Student: 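One structure is given below, represented as structure tokens, and several questions about it will come after.
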There are 2 protein chains.
Amino acid sequence: MLTVTSVNVNGLRAAVRKGFLPWLAATAADVVCLQEVRAEPDQLPAAAAAPEGWYAVHAPAAAKGRAGVSLLTRQEPERVRIGFGSAEFDTCGRYVEADLPGLTVASLYLPSGEAGTERQEEKYRFLKEFEAYLTDLRAGCAAAGREVLVCGDWNIAHREADLKNWKANRASAGFLPQERAWLSHLYDGVGYVDVVRALHPDTAGPYTWWSYRGRAFDNDAGWRIDLAVATPGLAARAESAVVERAATHAERWSDHAPVTVRFTR
Amino acid sequence: MLTVTSVNVNGLRAAVRKGFLPWLAATAADVVCLQEVRAEPDQLPAAAAAPEGWYAVHAPAAAKGRAGVSLLTRQEPERVRIGFGSAEFDTCGRYVEADLPGLTVASLYLPSGEAGTERQEEKYRFLKEFEAYLTDLRAGCAAAGREVLVCGDWNIAHREADLKNWKANRASAGFLPQERAWLSHLYDGVGYVDVVRALHPDTAGPYTWWSYRGRAFDNDAGWRIDLAVATPGLAARAESAVVERAATHAERWSDHAPVTVRFTR
DNA sequence: CTTACCAGG
DNA sequence: CCTGCTAAG
């Protein structure tokens with residue numbers, strides 16, 4: 001069994017104050033992918049920056065308090081890489097990957113964008129460069145007999161079933177036609193697989209993010225934007241996929257819930 | 001009897017969240033002077049911006065979220081004035097005064113300064129202009145048979161008895177020789193009276209501000225920088241002067257405590 | 001609505 | 001160590 005879990009923590013310092021560490025202590029995962037850490041490692045409590053029993057690799061953003069992704073692995077990685085070869089995005093705390101035996105696993109925090117603004121143009125630039133990278137990664141890993149798993153906050157809901165209020169959000173960043181088409185091409189063209197949707201083809205959601213505004217969480221007015229995206233060979237071994245809505249329910253230590261996928265070896 | 005109370009609220013919106021309104025409802029004062037309101041009137045709850053039973057005049061700063069002084073009077077003022085005729089400081093939310101029968105009462109928030117920086121120079125410019133104003137005010141009010149009372153956060157501790165750690169703060173803004181000399185001249189030269197000190201000549205403090213840093217409040221490591229400064233005729237009628245340390249103790253709705261002075265009519 | 005930043009205190 | 005600002009989400 002290999003278990004990988006991923007969660008956007010919305011500021012790891014705040015999450016630690018509210019209950020992240022007990023969740024981490026309780027997880028059965030072999031790999032934990034974190035997004036929106038929003039801190040330099042040395043601004044974090046040691047129990048979060050270098051938790052006992054884990055190997056940690058941090059990719060903070062150059063801009064203080066922004067973005068930031070991390071990977072925790074029980075096993076020591078063979079190699080780790082920060083960024084995906086992009087001059088614009090490699091220092092933005094948006095991508096880190098690690099090689100484990102037979103598997104390249106990554107933590108991704110894709111820009112959220114903002115419809116009609118320069119921040120949306122930035123998101124499109126990211127999508128373009130990242131798609132090229134994922135295409136190369138798939139080819140390179142296939143040649144080396146490795147599988148690929150990219151977990152994180154992709155900030156795109158693919159289909160109507162992936163957000164509760166899809167009608168109201170047809171012009172919202174995260175559900176724009178161009179973004180949705182990009183994911184479609186990643187799946188149907190490049191050949192990656194949305195592991196959670198593959199296991200749960202007919203459910204609404206499961207949502208992974210609920211705005212802090214209004215009563216979005218109580219009304220389950222969520223979005224499924226935190227994805228586990230795998231090469232087909234790995235996806236075929238997926239045994240379960242769960243969104244741990246309860247993990248962030250009681251204390252609400254993030255506005256996202258952890259997404260956990262399990263694979264047979 | 002005339003009772004006047006003054007408190008630096010360190011953000012009235014935050015103070016309201018923490019317990020300011022019950023304190024206001026319970027005060028026996030006829031006049032309440034507020035400093036560091038840090039909000040436009042329409043950003044405040046109505047119970048704070050226009051409390052029932054009070055006439056309110058607000059002098060917010062042009063810069064959002066900064067400074068800001070207000071006056072609440074049970075009686076309708078004959079006149080109110082914002083600023084003291086200074087091109088530099090009148091829009092900075094640092095001075096408002098009201099005329100009541102036989103009395104001009106003001107709420108003052110003097111710049112805190114920062115030793116060795118431009119912000120200290122700004123404080124000295126304020127002191128210079130404000131002293132000239134207080135000199136004129138005293139003369140004008142004397143001619144009109146009015147007394148003057150300027151309450152507020154003067155941001156200067158006059159003597160060693162006015163702060164617990166005076167030795168460590170000999171080079172700190174708020175206890176610099178030049179600032180202390182300015183107050184001395186205001187008392188001995190211009191002829192105003194420090195009402196609280198006049199009634200309590202031999203006590204340490206009573207302190208009115210304790211830093212939020214460390215355990216300053218618990219250790220009573222405070223400063224007496226919130227003053228009630230009156231013309232001699234009014235000061236002679238002072239009957240009591242109290243620092244309401246307990247008012248901000250339980251909830252700690254400000255880092256300053258209210259200073260309350262009572263005068264016979 | 002919440003996270004950080006920062007200046008100001 | 002707090003306030004409120006701003007940008008970001």
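Chain letters run A, B, ... following the sequence lines, proteins first, then strands; residues in each count from 1. Keep in mind it's a predicted model, so treat the numbers as computed, not measured.
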Student: Could you check how far CG of B:Asp255 sits from C1' of D:dG4, rounded to whole Å?
Tutor: 14 Å
Student: Round to a whole Å and report the spacing from CD of A:Glu40 to P of C:dC5.
Tutor: 10 Å
Student: Rounded to the nearest Å, what distance is computed from the CG atom of residue A:Leu110 to the C1' atom of nucleotide D:dA8?
Tutor: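 Whole-Å distance recorded here is 15 Å.
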Student: Counting any heavy atom closer than 4.0 Å, what does A:Glu36 reach on the DNA or RNA strands: base, sugar-phosphate only, or nothing?
Tutor: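 It contacts sugar-phosphate atoms only.
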Student: For C:dC5, does either OP1 or OP2 sit under 4.0 Å from a side-chain N or O belonging to A:Gln43?
Tutor: yes
Student: Is B:Lys18 near enough to D:dC2 that one of its side-chain N or O atoms lies under 4.0 angstrom from OP1 or OP2?
Tutor: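 It does not, given that no N or O in the side chain of B:Lys18 lies less than 4.0 Å from OP1 or OP2 of D:dC2.
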Student: Consider the side chain of A:Asn10, meaning its heavy atoms from C-beta on, and name the nucleotide among C:dT3, D:dT3, D:dA7 that approaches it most closely.
Tutor: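 Output: C:dT3.
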Student: Expressed as a whole number of angstroms, how long is the span from A:Lys64:NZ to D:dA7:C1'?
Tutor: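 Answer to the nearest Å: 16 Å.
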Student: Using a cut-off of less than 4.0 Å, is there contact between a side-chain N or O of B:Arg17 and OP1 or OP2 of D:dC2?
Tutor: no
Student: Roughly, in whole Å, what's the span from CG in A:Leu12 to P in C:dC5?
Tutor: 13 Å
Student: Think A:Arg213 has a side-chain N or O under 4.0 angstrom from the OP1 or OP2 of C:dT3?
Tutor: no
Student: Mapping B:Pro111 and A:Arg13 onto DNA chain C by nearest heavy atom, which one lands closer to the 5' end?
Tutor: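 Residue closer to the 5' terminus by nearest nucleotide: A:Arg13.
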Student: Is B:Asp153 salt-bridged to B:Arg94, going by a charged N under 4.0 Å from an acidic O?
Tutor: no
Student: Can you tell me the distance, in whole Å, between the CG atom of A:Asn155 and the P atom of D:dA8?
Tutor: 14 Å
Student: Using heavy-atom distances to pick each residue's nearest nucleotide on DNA chain C, tell me which of B:Arg66 and A:Gly11 is more 5'.
Tutor: A:Gly11
Student: Which pair of non-hydrogen atoms, one from A:Gln35 and one from A:Asn8, has the smallest distance, and what is that distance?
Tutor: OE1-N, 3.2 Å
Student: Using atom CZ of A:Arg38 as one end and atom C1' of C:dA4 as the other, report the distance to the nearest whole Å.
Tutor: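 Whole-Å distance recorded here is 4 Å.
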Student: For the pair A:His256 and A:Trp209, name the ring-plane relationship: parallel under 30°, tilted 30 to 60°, perpendicular over 60°.
Tutor: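 Geometry flag for A:Trp209 against A:His256: tilted rings.
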Student: Can you tell me how far P of C:dA7 sits from CD of B:Gln120, to the nearest Å?
Tutor: 19 Å
Student: Would you please name every residue forming a side chain to side chain donor-acceptor pair (under 3.5 Å) with A:Arg159, sequence neighbours left out?
Tutor: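 Scan of A:Arg159 (side chain to side chain donor-acceptor pair (under 3.5 Å), adjacent residues dropped) gives none.
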Student: Is the ring pair A:Phe130/A:Tyr133 parallel, tilted or perpendicular, if the boundaries are 30 and 60 degrees?
Tutor: parallel
Student: From C:dA7, C:dT3, C:dT2, pick the nucleotide closest to the side chain of A:Ala14?
Tutor: C:dT3
